[in-house]
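For reference, the structure discussed in these notes is given below.
Chain letters run A, B, ... following the sequence lines, proteins first, then strands; residues in each count from 1.
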There are 2 protein chains.
Amino acid sequence: MAAVARAATTSDAFNAIAEPQRREILALLRAGERPVTALAQELGMTQPGASKHLRVLREVGLVRVRGAGKQRLYGLDARGLRPIHEWIGGFEQFWNESFDRLDTYVQDLKQTRQGE
Amino acid sequence: MAAVARAATTSDAFNAIAEPQRREILALLRAGERPVTALAQELGMTQPGASKHLRVLREVGLVRVRGAGKQRLYGLDARGLRPIHEWIGGFEQFWNESFDRLDTYVQDLKQTRQGE
DNA sequence: CCATCATATTCCGATAACGGTATGCGTCAA
DNA sequence: TTGACGCATACCGTTATCGGAATATGATGG
């Protein structure tokens with residue numbers, strides 16, 4: 001039984017990129033593959049910290065690893081970002097229209113006075 | 001003194017859309033404003049559940065409220081999605097290129113044998 | 001003012017996410 | 001084999017998140 005509490009969380013790309021540091025990792029990897037230590041150093045995080053974030057990114061398929069001797073080179077696999085881009089693209093027409101709607105909203109606000 | 005544990009989390013759009021139910025809410029709101037109860041019902045969640053997700057969405061500016069008599073109509077404000085769309089757009093050129101790189105990766109995999 | 005409907009908030013328990021430190025494991029060189 | 005290096009994992013503490021139920025707040029109608 002036990003309450004379900006907190007449904008599915010990590011383990012999808014949406015969640016993976018919700019973490020600022022993971023976004024930084026992805027951004028850096030656009031410049032090319034890198035070993036863990038380099039990433040950690042460039043982003044100012046501990047090595048275990050980097051490894052853990054990389055694990056998440058690997059599990060959702062946003063990065064891949066390649067053993068290179070003693071090192072493990074992490075590389076970007078951006079394909080997993082595409083579904084997200086498309087999902088958000090479905091709102092593209094709205095983030096202009098939103099301005100218009102906002103007018104009505106603001107007008108209404110003046111009377112209602114429940115703004116935030 | 002006191003471990004930092006879990007840095008910034010919620011309170012930005014990336015995190016807001018990391019939640020599946022919140023994505024559903026946003027998707028639904030494209031069809032127009034809705035009172036809380038309607039959302040809860042259409043998405044099969046409890047009223048407090050809906051209210052809580054709406055609160056998060058409101059705090060990051062992805063929805064706005066409008067008092068309509070006894071009800072509160074929630075409407076989409078998609079502008080906050082634009083930065084995300086742009087951030088991901090910065091990877092667009094890579095999710096094709098990734099295929100190519102994948103070849104080298106797979107080849108390497110055959111020798112290294114550390115594939116997951 | 002009171003009852004009622006719509007919504008927000010609070011309290012709770014369970015969980016998992018993050019950061020840090022310590023440690024384990026694999027690989028390479030000697 | 002041993003030691004050093006690179007990286008992954010385990011463990012710990014802290015905090016935040018999510019879901020659920022109960023309750024508080026707000027607005028409307030009578």
Side-chain angles (χ1 to χ4, degrees), chain A residues 1-12 14-25 33-60 63-74 108 111-116, chain B residues 1-12 14-25 33-41 43-60 63-75 111-114 116:
Chain A
M1 320 203 139
V4 170
R6 175 158 256 207
T9 310
T10 314
S11 284
D12 75 318
F14 277 99
N15 244 288
I17 67 167
E19 239 289 327
Q21 307 215 62
R22 287 196 287 258
R23 287 201 296 275
E24 294 186 52
I25 290 179
E33 295 178 323
R34 270 174 180 66
V36 177
T37 310
L39 279 168
Q41 194 177 325
E42 296 181 83
L43 297 177
M45 44 189 183
T46 65
Q47 174 268 307
S51 278
K52 280 185 273 191
H53 283 308
L54 285 166
R55 182 162 152 79
V56 173
L57 291 171
R58 197 168 15 114
E59 286 175 348
V60 304
V63 302
R64 46 197 151 68
V65 216
R66 187 167 73 88
K70 255 194 283 197
Q71 312 193 118
R72 311 195 72 196
L73 295 179
Y74 278 88
D108 190 277
Q111 315 178 38
T112 313
R113 202 52 136 306
Q114 44 102 53
E116 195 243 341
Chain B
M1 35 142 67
V4 170
R6 172 157 259 205
T9 311
T10 316
S11 285
D12 75 317
F14 277 99
N15 243 290
I17 67 168
E19 240 288 327
Q21 307 215 64
R22 287 196 287 258
R23 287 201 297 275
E24 293 186 53
I25 290 178
E33 295 178 323
R34 271 173 180 66
V36 177
T37 310
L39 278 168
Q41 193 176 324
L43 296 176
M45 43 190 186
T46 66
Q47 175 267 310
S51 276
K52 280 186 273 191
H53 282 310
L54 286 167
R55 181 163 152 79
V56 174
L57 292 171
R58 198 170 12 117
E59 285 175 346
V60 303
V63 302
R64 47 198 150 68
V65 217
R66 187 166 73 89
K70 254 195 281 198
Q71 312 193 117
R72 309 195 71 196
L73 294 180
Y74 278 87
Q111 316 178 38
T112 314
R113 202 55 136 303
Q114 43 103 54
E116 194 241 337

What's the [atom1]-[atom2] distance between [X] and [N], to the nearest Å?
X       : N      : atom1 : atom2 : answer
B:Met45 : D:dA21 : CE    : P     : 16 Å
B:Arg22 : D:dC18 : CZ    : P     : 4 Å
B:Arg66 : D:dA27 : CZ    : C1'   : 16 Å

Write down the protein N/O and nucleotide N/O pairs, taken from nucleotides 7-10 of chain C, whose separation is under 3.5 Å; answer none if there are no such pairs.
from: C:dT7; atom 1: OP1; to: B:Val36; atom 2: N; distance (Å): 3.2
from: C:dT7; atom 1: OP2; to: B:Thr37; atom 2: N; distance (Å): 3.1
from: C:dT7; atom 1: OP2; to: B:Thr37; atom 2: OG1; distance (Å): 2.0
from: C:dA8; atom 1: OP1; to: B:Arg72; atom 2: NH1; distance (Å): 3.2
from: C:dA8; atom 1: OP1; to: B:Tyr74; atom 2: OH; distance (Å): 2.4
from: C:dA8; atom 1: OP2; to: B:Ser51; atom 2: OG; distance (Å): 2.4
from: C:dA8; atom 1: N7; to: B:Gln47; atom 2: NE2; distance (Å): 2.8
from: C:dA8; atom 1: N6; to: B:Gln47; atom 2: OE1; distance (Å): 3.4

Do the non-hydrogen side-chain atoms of A:Glu19 and A:His53 ever get within less than 4.5 Å of each other?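 A side-chain contact under 4.5 Å exists here.
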Residues in side-chain contact (heavy atoms from CB on, under 4.5 Å) contact with B:Gln47, at least two apart in sequence or another chain: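 B:Gln47 satisfies side-chain contact (heavy atoms from CB on, under 4.5 Å) with B:Val36, B:Ser51 once adjacent residues are dropped.
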For B:Arg23, enumerate each residue passing the side-chain contact (heavy atoms from CB on, under 4.5 Å) test, keeping only those at least two apart in sequence or located in another chain.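 Applying side-chain contact (heavy atoms from CB on, under 4.5 Å) to B:Arg23 gives A:Asp12, A:Phe14, A:Trp87, B:Ile17, B:Pro20.
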Does D:dG19 have OP1 or OP2 under 4.0 Å away from a side-chain N or O of B:His53?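 For D:dG19, OP1 or OP2 has a side-chain N or O of B:His53 closer than 4.0 Å.
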A:Tyr74 OH to A:Arg58 CZ distance, which is reported to the nearest 0.5 Å: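 CZ of A:Arg58 is found 4.0 Å from OH of A:Tyr74.
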Nearest 0.5 Å, please: how far is CZ in A:Arg22 from CG in A:Leu57?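 One gets 6.0 Å once the value is rounded to the nearest 0.5 Å.
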By salt bridge (charged side-chain N to carboxylate O under 4.0 Å, His left out) - contacts of A:Glu42 (at least two apart):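 Scan of A:Glu42 (salt bridge (charged side-chain N to carboxylate O under 4.0 Å, His left out), adjacent residues dropped) gives A:Arg34.
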